[in-house]
Amino acid sequence: MDEKTIPMLPCRTLQPVLDFYAALGFGVTFQQKSPNPYAAVERGRIELHFFAMKQYDPAASYSTCYVVTDDVDGLHAAFRAGLKAAYGRVPTRGLPRIGPVKDTSHGMRQFLMTDPGGNCVRVGTPVSDDLNHRPAPAETFARALHYASLFADSRDDPAGAAKFIDRALDLPDERPTPVQLFRLLVLRADVAGRLGDPETAASALARADEVRLTAEERESLRDELARLEDLRD
């Protein structure tokens, strides 16, 4: 037996969604305009279907699906290149958008992208045999990073993430390590951008630039350093 699941995702109108997926390298395999607007796109073994609803609000969407790949970094790079060619830039906030690739607390290395219909497509590669969420660390700044990352990505709540980071950075008697500080500041700049707060984003980026890191520490921060460059664009 060879079963397959195909997500059917909503949108307000089909064409902006189809244009978005075309930029990602998907081809349209089916489209109808009436009696009900409906379309299917495919890229390799990834197949997504869409149906249009005039009353649908993409900004209020909770629809999502997960794509498992064996090369999340390669797919992320390909999607970013396609979006930059189509839009003139890599969209990182608003609709549509694509987020950074990063390791999660549940054994996946993944990124999130949201199409013009408000559908969040999560793309990931397993990096552990244990896909359960890890418990939050006890150490103050590791714990703040853990929850801020969950709120920023899994819950798509940048305001909640900002609160965890600000609370940790405002502690009077504790100081993060340089690596922790850099990660906190890059994530703070990221969520500030999503919240439409360019002043806080710029301040966090400036502080991140001032953090002194060893070559070994910079190697461990490859994802964050790449995100820093994105946020400067």
Side-chain angles (χ1 to χ4, degrees), residues 1-102 104 106 108-126 131 150-160 191 193-196:
M1 299 178 68
D2 185 18
E3 293 86 0
K4 181 169 71 170
T5 298
I6 301 173
M8 299 168 64
L9 304 170
C11 59
R12 181 177 292 167
T13 57
L14 289 175
Q15 198 57 54
V17 172
L18 298 181
D19 291 342
F20 175 80
Y21 286 95
L24 301 179
F26 285 75
V28 177
T29 58
F30 175 81
Q31 184 174 2
Q32 72 176 26
K33 295 183 179 180
S34 63
N36 301 305
Y38 193 93
V41 300
E42 189 171 341
R43 185 187 194 276
R45 297 186 63 193
I46 307 171
E47 185 173 354
L48 303 172
H49 289 200
F50 301 93
F51 59 95
M53 302 168 58
K54 289 184 179 179
Q55 71 275 24
Y56 186 72
D57 181 6
S61 174
Y62 289 96
S63 60
T64 187
C65 67
Y66 207 104
V67 173
V68 179
T69 175
D70 59 3
D71 184 13
V72 67
D73 289 274
L75 206 55
H76 185 254
F79 284 178
R80 282 173 51 87
L83 291 173
K84 187 171 185 178
Y87 292 88
R89 62 181 180 85
V90 178
T92 58
R93 56 182 179 271
L95 294 177
R97 64 180 180 270
I98 185 169
V101 63
K102 60 174 67 175
T104 71
H106 57 275
M108 297 292 291
R109 180 167 173 79
Q110 70 175 25
F111 67 92
L112 280 60
M113 64 179 185
T114 305
D115 66 29
N119 304 295
C120 178
V121 180
R122 301 163 187 262
V123 184
T125 295
L131 300 182
L150 287 177
F151 271 68
D153 296 323
S154 295
R155 295 187 59 171
D156 194 19
D157 181 0
V191 297
R194 297 191 219 175
L195 292 168

Original post:
Hey, which of Thr125, Asp73, Thr69 is the one that makes side-chain hydrogen bond (donor to acceptor under 3.5 Å, both in side chains) with Arg109?
Top reply: Asp73
**OP:** Using the side-chain hydrogen bond (donor to acceptor under 3.5 Å, both in side chains) rule, pick out the option among His49, Lys33, Gln31, Gln32 that qualifies with Tyr38.
**Re:** His49
**OP:** Could you list the residues that satisfy side-chain hydrogen bond (donor to acceptor under 3.5 Å, both in side chains) with Thr104, not counting sequence neighbours?
**Re:** His106
Quick one: does [X]'s side chain get under 4.5 Å of [Y]'s, heavy atoms only?
X: Phe51; Y: Pro10; value: yes
X: Met113; Y: Leu24; value: yes
X: Leu83; Y: Phe20; value: yes
X: Val90; Y: Lys84; value: yes
X: Val67; Y: Val121; value: yes
X: Thr114; Y: Pro96; value: no
X: Asp57; Y: Arg12; value: yes

To the nearest 0.5 angstrom, please state how far the [atom1] atom of [X] sits from the [atom2] atom of [Y].
X: Asn119; Y: Ser61; atom1: CG; atom2: OG; result: 5.0 Å
X: Leu48; Y: Asp115; atom1: CG; atom2: CG; result: 8.5 Å
X: Ile46; Y: Ile6; atom1: CD1; atom2: CD1; result: 13.0 Å
X: Met8; Y: Ser63; atom1: CE; atom2: OG; result: 12.5 Å
X: Lys102; Y: Gln110; atom1: NZ; atom2: CD; result: 9.0 Å
X: Thr5; Y: Glu3; atom1: OG1; atom2: CD; result: 8.5 Å

**OP:** Could you list the residues that satisfy ring-ring contact (aromatic ring centres under 6.0 Å, His included) with Phe50, not counting sequence neighbours?
**Re:** Tyr21
**OP:** Could you tell me which residues satisfy ring-ring contact (aromatic ring centres under 6.0 Å, His included) with Tyr87, sequence neighbours excluded, listed by chain and number?
**Re:** none
Would you name the heavy atoms of [X] and [Y] that are closest together and state the gap between them?
X: Pro58; Y: Pro116; answer: CB-O, 3.5 Å
X: Ile98; Y: Phe79; answer: CD1-CB, 3.9 Å
X: Gly117; Y: Val17; answer: N-CG2, 3.7 Å
X: Leu195; Y: Pro158; answer: CD2-CG, 3.7 Å
X: Leu95; Y: Ala59; answer: CD1-N, 4.1 Å

Sub-3.5 Å donor-acceptor pair from the side chain of [X] to the main-chain atoms of [Y], do we have one?
X: Arg80; Y: Ala77; result: no
X: His76; Y: Gly99; result: yes
X: Arg194; Y: Ala152; result: yes

Original post:
Between Arg122 and Asp153, is there a side-chain N and carboxylate O pair less than 4.0 Å apart?
Top reply: no
**OP:** Evaluate the side-chain contact (heavy atoms from CB on, under 4.5 Å) criterion for residues Met108 and Val123: first the C-alpha distance (whole Å), next the side-chain angles of each, then the deciding distance (0.1 Å), finally the verdict.
**Re:** CA-CA 9 Å; Met108 297 292 291; Val123 184; over 6 Å; no
Original post:
So does Tyr62 have more than 12 non-hydrogen atoms from other groups sitting under 6.0 Å from OH?
Top reply: no
